[in-house]
Amino acid sequence: MTLFEVLVRLVLVLLCFLVLPLVIGQTEHKVMGHMQARVGPIYAGGFHGWAQLVADGVKFAQKEDVVPAGADRRVFRLAPAVALIPYMVVLIAIPLGPGDLVGRSIDAGVFFVLAVMGVGVLGSLMAGWASANKFSLLGALRTAAQLMAYELPMLLAAASVAMAAGTLSLTGILGEWQWWWLPWQAVGAVVFFTAGLAELQRPPFDMPVADSEIIFGAYTEYTGLRFALFLLAEYAGILVLCALTTVLFLGGWHGPWSGDVGWLWTLLKTGLLAFVVIWLRVSYPRLREDQLQKLAWTGLIPLALGQLVLTGIVRVATA
Amino acid sequence: MTRMSKFPGAGLAKGLAVTLRTMTKRSVTQGYPEVLPELPPRSRGVIALFEENCTVCMLCARECPDWCIYIDSHKEVVPAKEPGARDRTRNVLDRFAIDFALCMYCGICVEVCPFDALFWSPEFEYATEDIQQLTHEKDTLRAWMWTVPAPPALDERAEEPKELTMARRAADKLAKEQAQAASEASGASASEASEAPEDGTP
């Protein structure tokens with residue numbers, strides 16, 4: 001791989017990273033609007049308000065960048081980057097189509113991806129700690145508790161797929177994938193997706209940012225561009241979670257004519273999952289903190305372990 | 001405890017179904033500045049003044065619970081039409097203003113007006129940036145008269161409005177007198193001058 005080729009791939013990944021989260025964000029505006037019998041943004045840009053997020057970005061860029069007096073300035077300023085960049089790094093390892101259509105094929109892909117995704121949550125923790133605000137700290141600690149609870153089922157569910165494929169490489173898993181993995185790994189898929197939602201602090205698992213009680217948690221003190229970066233991190237997180245679920249459980253680029261339009265299949269499945277993420281947000285109320293923990297420890301982890309056992313049995317039986 | 005559903009998670013699925021169904025239906029948002037709302041008949045938007053009907057009886061100003069109607073007037077002498085008769089006086093409206101910052105849209109003034117000079121108009125776009133400008137004088141109130149919708153149609157077998165009955169009675173009387181005059185004229189010699197028929201308006 002020449003240096004030029006590496007650069008082209010990185011630029012393409014960056015492009016995906018900059019465009020797709022905005023597409024998801026705009027979809028959320030519109031879908032959420034219509035699900036609540038509203039119309040969502042309609043003015044910005046003329047056609048169904050397509051430029052709403054651009055307008056939002058301009059607005060955020062104009063706002064004053066305030067750092068609270070008692071804040072730990074360096075950590076406070078660094079936090080949005082820590083929250084955002086891991087998702088971009090993860091995107092490099094996610095295969096888009098068959099063959100070499102991937103930013104960089106990594107042998108221990110599943111490990112790499114899950115480890116780096118975990119870093120993103122550190123951004124919220126840093127933000128909450130550095131803000132010198134009790135609500136922020138409360139939000140940050142809830143984030144930490146949520147990460148502790150939901151990282152485990154997520155890892156176990158991913159491990160089940162790795163076990164089934166006999167490889168940790170994301171491209172390798174897709175190479176091994178058969179259609180009957182869909183029912184076989186269904187429970188794992190649900191566990192992975194749910195735990196991922198919780199890790200992104202998306203509703204109904206948005207206790208750490210609960211805007212009506214702890215005023216957006218760790219992000220309370222943020223304004224302007226830094227706040228916009230946190231929001232972008234949320235949507236980048238949705239993209240990464242949906243793409244990962246697609247690759248691990250829904251067969252990524254597999255589908256009819258996957259040789260030619262495999263990348264389209266990946267994007268389609270990712271988009272469908274992103275719609276589900278939005279759908280869940282509109283439909284369900286927020287879980288209480290204890291319900292959150294209970295769901296993880298007594299619901300998802302046993303399910304993930306059960307999936308692991310099932311995967312093991314089938315694997316041995318068919319070997 | 002709420003009632004148990006048959007399958008675990010049936011409630012969750014129902015929630016998803018509700019939002020999905022809502023998404024497929026038309027949204028209820030009104031596109032107000034572009035699309036004007038369809039207001040129900042007899043909407044209470046603003047009070048319009050039919051100035052020509054006003055006799056400055058002051059009933060509206062006195063009945064107004066908020067005292068938001070201001071009326072100024074003076075008297076004018078109408079000279080006697082016939083010699084020997086007395087001169088008459090007549091009220092002339094100088095100012096009629098309603099302060100819509102005080103008005104509570106109770107409509108008592110419209111109800112109480114004995115000469116049908118006040119009407120409800122559905123016009124509602126008269127918000128201002130200054131509370132002082134919410135006091136509207138008689139020219140504005142008169143202009144709003146053009147936005148007053150026609151009164152709703154009567155019921156199928158309702159009694160005829162009094163005004164129509166009176167007008168028809170007058171017209172009938174006039175026609176009868178004219179017919180009588182015509183028959184007298186034709187019955188008598190043609191040289192007899194026919195009397196001018198009396199003006200029949202009430």
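Note that these values count all heavy atoms, side chains included, but never hydrogens, waters or copies made by symmetry.
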Which region of B:Glu34, side chain (C-beta onward) or backbone (N, CA, C, O), has a non-hydrogen atom less than 4.5 Å from a non-hydrogen atom of chain A, or is it both or neither?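 Contact with chain A is through the side chain of B:Glu34 alone.
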Is the number of heavy atoms from other residues, nucleotides or ligands within 6.0 Å of CZ (A:Phe47) greater than 12?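 For A:Phe47, atom CZ is not crowded (no more than 12 foreign heavy atoms under 6.0 Å).
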Check whether more than 12 heavy atoms from other residues, nucleotides or ligands sit under 6.0 Å from atom CZ of B:Arg88, and answer yes or no.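 Check fails, neighbour count at 12 or below.
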Please check if the side chain of B:Thr165 supplies one atom and the backbone of B:Pro161 the other of a donor-acceptor pair under 3.5 Å.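 Yes; at least one donor-acceptor contact below 3.5 Å.
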Donor-acceptor check, side chain of A:Gln307 to backbone of A:Trp184, threshold 3.5 angstrom: yes or no?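 Yes.
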With respect to chain A, which residue among B:Val18, B:Thr29, B:Thr19 yields the maximal number of heavy-atom pairs within a distance under 4.5 Å?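 Ranked by contacts with chain A, first place is B:Thr19.
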Choice from B:Val28, B:Leu16, B:Thr22, B:Leu20 maximising heavy atom contacts with chain A below 4.5 Å: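 Most pairs with chain A among the choices: B:Leu16.
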